[in-house]
Amino acid sequence: MAGIDLQKFCDELRAKVSIVDVVGSKVKLVRKGREYQACCPFHNEKTPSFTVNEAKGFYHCFGCGAHGDIIKFEMEANNLPFMDAIRKLADKAGLQVPQISKESHEEAVKRNSLYDIMEMACRFFEKSLRLPEGQRAMDYFHHRGFEEDIITKFRLGYAPNNNGLKALLASKGVSEHDMAELGLIAIPEDKSRRSHDFFRDRVMIPIMDKAGRVIAFGGRIMGDGQPKYLNSPETPLFNKRRVLYNLNNARDRAFAARNIIVCEGYMDVIALDKYGFGYAVAPLGTALTEDQISEAWKVCPEPTLCFDGDGAGIRAAIRSIDRGLPILKAGYSLKYVFLPDKMDPDEFLKAHGHDAFAEYLQNTTPLVKLLWRKNIEGRVFDTPEQKALIEKNVMEEVAKIQDEKVRGYYSQEMQNYIYNELGRGFWKNQYSSKKTKNLAHPDERKTQNTHIERPKVSLDELVVKFVLAAMVFYPELIAEYEEKMGMFDIPNEKLRKFFDTLLEISHDNEDTELKSEDVCKALQDKGQGKELAALWELEMFRQQNPYINKIREEIDTKIIEVQLKQLDNEIKECLRIMQVSESLPEDVYLQYESLKKEKETLLNTQNVI
């Protein structure tokens, strides 16, 4: 790998290795809003002044002034030479370290000059838009609803139908080799023909890196013709699999909104910004890649993927599932919005406005649900063999998830879908049709009332108290376990009221990072002081001060134990019905088999925990 640009390799390391993972292996990080905090590893302190910014990829200490990226942290925290730090990080990322050559410094200098060339090209396109020959392009932007503020913010421009850019760059001393390397000119295979501008008679959209430097361009034709969109080829500055359009602008707005929208193209991004959704990004001429998903996760743990409601949008969503599944990890996933009537975001916003789109963003489909729909929609599952094929396909997809814990929970969720939609749900449909049929044919009522309705599982009072105390001690657990706790019945009315009050406090303070003392005060203010004082488990947590992950494991274990107990009772009831029936009730047998699989999945999850 001699001659490889070391700077480019370092950029690749920074893109692939999370600074939170690197720093978190040395100090205990606590999330505070968009950043993480800890006591500084470089000087003694009692009050944390050391911050880590995942999205920007750096750490900073306000106490001693320490500042840097993953490479500098490895060097200073572990006293490693530069190349040793590089090798350690490369091993973590699964990359091979390039050999250093004498050309590396020269290539780094050249790399900076390439940025300068792209900046010159961007200014040329901006200027051309405002010349008489750019009037048609300006009219096009205005027709799209892009006024001067949007044109300026996104540095929109026009590529004239001539070789003006090539002539300008040549006059500045830029070689044809550099122009071609950056995708600014095309060199015909026929050597008798001259090179020419790559972009001609197109509206131009510059593509920036996270630092706001121009690294590529997208060009759109204004009338009929193909290709409608033309993007820069891959260059020393531009890797289309890693870059998300508009991330440089959207990052801070996404932090504030606690969301980042990933849509299909840059015109959608610009339209969303015009209507007040300044936290949208888009891939560039490819389906969303693993690297782009990882970039979005640095800003928001659950990006919202927004797709047109047409066939192409559905296919793009399915491809994103295939890319996202293997790299899912605890706390990081994807959610989806599909716009109606085959509209893209620009068309939807023009037709329905800001508020209607915001409402769609509040009703997203989680990845786990879309994975199930992907495997059943448009398919027939009337027979056991067809059901078995669906189950086989779904579980094969779940097996692609590399994170063991996430894979265990996905397996459990898929078994629930299989049980409810292919097992119990399927039986209920059959049962309803039989019941209707039996009203007309009384002699066919023998198979009625064999199905066992599943009651809502009651949580043991000690389990409920443990979970409630954990939520008070670590308030972030309230949102984490809200949905799961809602699946169970809490028989004790006082504890149920206490849980509802905790949810109310959490929802009222969604934009605030609650501390345990804040929750205690709010509970007392809402008349729950007596119940709070009765939670001896809370005092136990205060004395032992356990790590939050330890408490999560205990909660998950206790809940699974309750579910297993309930499943055992339902399995026994199925066996009882089958034993006393004159003939084997097929519906109860299907339910029995599904319950056994559900139990097996829970046991596997329990083993992972």
Side-chain angles (χ1 to χ4, degrees), residues 114-115 117-129 131 133-141 143-144 146 150-151 154-169 174 176-190 193-209 213-247 263-271 281-289 292 308 312-313 316 344-346:
L114 295 181
Y115 286 120
I117 296 170
M118 295 300 284
E119 177 62 26
M120 282 191 282
C122 185
R123 291 179 181 176
F124 170 79
F125 293 138
E126 287 181 288
K127 182 177 180 180
S128 297
L129 178 66
L131 295 176
E133 60 187 350
Q135 187 58 50
R136 181 164 164 256
M138 185 68 81
D139 292 342
Y140 172 84
F141 284 133
H143 178 72
R144 297 283 306 237
F146 303 159
I150 291 291
I151 292 171
F154 289 95
R155 303 191 66 182
L156 305 180
Y158 170 66
N161 194 20
N162 54 40
N163 290 327
L165 177 60
K166 176 187 171 185
L168 171 73
L169 294 178
V174 179
E176 283 201 11
H177 174 272
D178 286 348
M179 295 184 212
E181 189 176 34
L182 290 170
L184 298 175
I185 64 170
I187 299 179
E189 292 183 8
D190 183 353
R193 298 174 57 200
R194 294 182 178 182
S195 59
H196 56 82
D197 282 8
F198 183 75
F199 297 101
R200 304 180 75 166
D201 197 26
R202 289 176 179 266
V203 292
M204 298 297 294
I205 300 93
I207 298 161
M208 323 282 193
D209 64 10
R213 297 173 298 192
V214 181
I215 57 173
F217 293 97
R220 191 194 192 284
I221 201 166
M222 289 173 282
D224 297 328
Q226 292 295 329
K228 182 188 292 187
Y229 290 97
L230 183 64
N231 289 333
S232 294
E234 295 215 352
T235 72
L237 303 183
F238 176 54
N239 183 326
K240 63 183 178 182
R241 293 182 58 83
R242 293 183 191 157
V243 176
L244 284 170
Y245 174 70
N246 195 46
L247 186 58
C263 42
E264 293 185 69
Y266 32 68
M267 285 299 186
D268 294 331
V269 169
I270 298 171
V281 297
L284 294 155
T286 65
L288 193 66
T289 67
Q292 289 166 335
D308 305 355
D344 62 30
D346 189 16

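Just so it is clear, the model here is predicted, and its values are computed rather than measured.
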Discussion item. Any salt bridge linking Glu176 with Lys166? Criterion: basic side-chain nitrogen under 4.0 Å from a carboxylate oxygen.
Written reply: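 Salt bridge present between Glu176 and Lys166.
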Fill in: Sidechain N-carboxylate O distance under 4.0 Å for Glu234, Arg242
no
Quick one: [atom1] on [X] to [atom2] on [Y], what's the gap to the nearest 0.5 Å?
{"X": "Met204", "Y": "Glu126", "atom1": "CE", "atom2": "CD", "value": "11.0 Å"}
{"X": "Leu244", "Y": "Asp209", "atom1": "CG", "atom2": "CG", "value": "12.5 Å"}
{"X": "Met267", "Y": "Ile205", "atom1": "CE", "atom2": "CD1", "value": "4.0 Å"}

Worksheet item: Between Asp268 and Tyr245, does any side-chain donor sit less than 3.5 Å from a side-chain acceptor?
Response: no
Fill in: For the student: nearest non-hydrogen atoms of Tyr140 and Val203, plus distance
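For Tyr140 and Val203, the tightest heavy-atom pair comes out as CD2-CG1, 3.8 Å.
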Discussion item. Check whether Gln292 reaches the backbone of Val243 with its side chain - one donor and one acceptor, N or O, closer than 3.5 Å.
Written reply: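 Yes; judged by distance alone, with no hydrogens or angles, the pair exists.
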Worksheet item: Under the 3.5 angstrom rule, does the side chain of Asp197 hit a backbone N or O of Leu165 as a donor-acceptor pair?
Response: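 Yes: the side chain of Asp197 pairs with the backbone of Leu165.
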Worksheet entry | Step-by-step ring pair (Phe, Tyr, Trp, His ring centres under 6.0 Å) determination, Tyr158 to Phe125 | CA-CA 5 Å; Tyr158 170 66; Phe125 293 138; 8.7 Å; no
Worksheet entry | Ring centers of Tyr266, Tyr229 separated by less than 6.0 Å | yes
Practice prompt. Give a yes or no on this: more than 12 heavy atoms of other residues, nucleotides or ligands lie within 6.0 Å of atom CZ of Arg123.
Written response: no
